[in-house]
J.: 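Dropping a structure here in structure tokens format, bear with me for questions.
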Amino acid sequence: MDVQKDRYYAALTGDAIQSSRLGSEARSRLHDAILNTGEELTDAFPGLVIGGINIFRGDSVQFLLSEPAKSLRAALFFRAALKASTGSLKVDMRIAIGIGTIDFMPETSKGGADGEAYRLSGPALDSMGTKQTLCLALPQSFGSHHNLEALKTTVVLVGTLADRWTEKQALAVKGALLGYTQDETRQIWPSTVTRQAVAKSLDGAGWFALERALQSFENLEFHLHIRPQP
């Protein structure tokens, strides 16, 4: 698959939190939930995911995005959709976002891709502390920017908000990330619910702050000058 070597992509690497506590049947359910969540993400944002979703070790996932500006939204969507679908498993996922160039993307395999974005994302996940569930890794070629550390801190804080989502709050956020109105979000609810209940779930999830953070992240990424690699 052709990739441009003079632009940035976003590689996201994640693993399920405390999945070792699950029995074999529950781990099978988790694998299916991660697979379904990946398909949801691909369908929800057409053209964003490149090369499909790579699931490994049964509870870990990696995928590449064509638009780094959408990487935080995609990470939150993956966590929200997974939380909303796993019910009694109560599973969440740590995710590391690596933004960088891509050297190689195979034509037919979901695995085997290589590049700066991957080399940043994987180690960032491995080095993430036990209390952190979302992080951002940027290359040196990104250039100096006074707000980069603030940007990374914002991603950490956004992850901390996501840690606290209930199943209903995750479902409400999932709809909001898709740009749904509260009435439209009601249509994806597994049971009859009022618009006021959706609004209450969004408030409890901290959507007001999340939306501000997303807007800031997406605007910054969109306007950044991306320089070709030597």
Side-chain angles (χ1 to χ4, degrees), residues 10-45 48-49 51-65 68 70-99 110-111 117-118 120-137 152 154-178 201 205-207 210 213-214 217:
L12 277 67
T13 309
D15 61 6
I17 299 171
Q18 295 184 338
S19 60
S20 59
R21 65 181 169 80
L22 302 175
S24 58
E25 182 180 348
R27 287 183 64 84
S28 177
R29 288 173 55 198
L30 172 61
H31 178 275
D32 291 343
I34 293 174
L35 179 63
N36 292 335
T37 299
E39 291 175 351
E40 276 197 80
L41 174 67
T42 302
D43 292 341
F45 301 96
L48 183 61
V49 178
I53 305 292
N54 180 29
I55 300 177
F56 57 100
R57 294 198 304 254
D59 64 352
S60 300
V61 66
Q62 189 172 64
F63 51 92
L64 185 69
L65 303 181
K70 298 296 184 182
S71 58
L72 182 57
R73 185 176 296 269
L76 289 176
F77 181 88
F78 204 98
R79 290 185 65 182
L82 188 64
K83 274 194 173 188
S85 66
T86 50
S88 61
L89 289 181
K90 298 186 181 301
V91 171
D92 197 0
M93 181 165 282
R94 303 184 312 149
I95 296 179
I97 302 169
I99 293 178
K110 294 179 182 178
Y118 287 105
L120 286 167
S121 179
L125 181 69
D126 292 339
S127 63
M128 197 183 298
T130 57
K131 294 183 179 180
Q132 188 176 343
T133 54
L134 194 60
C135 74
L136 174 67
K152 292 179 181 179
T154 296
V155 171
V156 173
L157 292 172
V158 165
T160 301
L161 275 177
D163 296 346
R164 293 164 168 74
W165 292 342
T166 65
E167 185 179 344
K168 290 181 179 180
Q169 289 170 351
L171 188 56
V173 170
K174 175 184 169 182
L177 288 167
L178 292 172
S201 291
W207 175 247
L210 289 170
L214 281 167
F217 186 93

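If you read the sequence from its start, that first residue is 1, and numbering goes on from there.
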J.: Considering all heavy atoms of both residues, which atom of Lys83 and which atom of Glu167 are nearest to each other, and what is their separation?
T.: O-CG, 3.8 Å

J.: Side chains of Ser85 and Asn36, heavy atoms from C-beta outward: is any pair under 4.5 Å?
T.: no

J.: Should Leu120 and Ile99 be marked as a side chain to side chain contact (heavy atoms under 4.5 Å, CB included) after you check the CA-CA gap, both sets of side-chain angles, and the distance that decides it?
T.: CA-CA 7 Å; Leu120 286 167; Ile99 293 178; 6.0 Å; no

J.: Measure the CG-CD1 distance between Asp15 and Ile34 for me, rounded to the nearest 0.5 Å.
T.: 9.0 Å

J.: How close do Thr154 and Ala213 get, counting heavy atoms only, and between which atoms?
T.: CG2-CB, 3.9 Å

J.: With the side chain counted from C-beta on, respond yes when Val173 and Trp165 share a heavy-atom pair under 4.5 Å apart, and no when they do not.
T.: yes

J.: Evaluate Tyr118 against Leu64 for side chain to side chain contact (heavy atoms under 4.5 Å, CB included), listing each step before the verdict.
T.: CA-CA 8 Å; Tyr118 287 105; Leu64 185 69; 3.4 Å; yes

J.: How far apart are the closest heavy atoms of Arg94 and Gln132, and which atoms are they?
T.: CD-O, 3.8 Å

J.: Is the shortest side-chain N to carboxylate O distance from Arg79 to Asp163 below 4.0 Å?
T.: yes

J.: Could you tell me whether the side chain of Val155 reaches within less than 4.5 Å of the side chain of Lys152, counting heavy atoms only?
T.: no

J.: Could you check whether any side-chain heavy atom of Phe77 comes within less than 4.5 Å of a side-chain heavy atom of Leu178, counting everything from C-beta outward?
T.: yes

J.: What's the shortest heavy-atom distance between Glu40 and Ala81, and which atoms?
T.: OE2-CB, 4.1 Å

J.: Can you tell me if Thr13 uses its side chain to pair, donor with acceptor, with the backbone of Gln62 under 3.5 Å?
T.: no

J.: Hey, what do you get for CD1 (Ile17) to CG (Asp59), rounding to the nearest 0.5 Å?
T.: 11.0 Å

J.: How long is the straight-line distance from CG of Leu161 back to CD of Gln169, given to the nearest 0.5 Å?
T.: 10.5 Å

J.: Given 3.5 Å as the limit, does a donor-acceptor pair link the side chain of Ser121 with the main chain of Ala11, or not?
T.: yes

J.: For residues Phe217 and Arg73, determine if any side-chain heavy atom of one lies less than 4.5 Å from a side-chain heavy atom of the other.
T.: no

J.: Please check if the side chain of Ser28 supplies one atom and the backbone of Ser24 the other of a donor-acceptor pair under 3.5 Å.
T.: no

J.: Looking at CG of Leu214 and CG of Leu177, how far apart are the two atoms once the value is rounded to the nearest 0.5 Å?
T.: 6.5 Å

J.: Measure up the Phe63 and Phe78 rings against each other and bin them: parallel (under 30°), tilted (30 to 60°), perpendicular (over 60°).
T.: parallel

J.: Return the SG to CD1 distance between Cys135 and Ile97, rounded to the nearest 0.5 Å.
T.: 7.5 Å

J.: For Ser71 and Leu12, work out which heavy atoms get closest and say how close.
T.: O-CD2, 3.8 Å

J.: With rounding to the nearest 0.5 Å, note down the distance linking CG in Leu134 to CD1 in Ile95.
T.: 6.5 Å

J.: Output, in order, the C-alpha distance, side-chain angles, deciding distance and verdict of side chain to side chain contact (heavy atoms under 4.5 Å, CB included) for Thr37 and Ile53.
T.: CA-CA 10 Å; Thr37 299; Ile53 305 292; over 6 Å; no

J.: Does any non-hydrogen side-chain atom of Leu210 lie less than 4.5 Å from one of Val158?
T.: yes

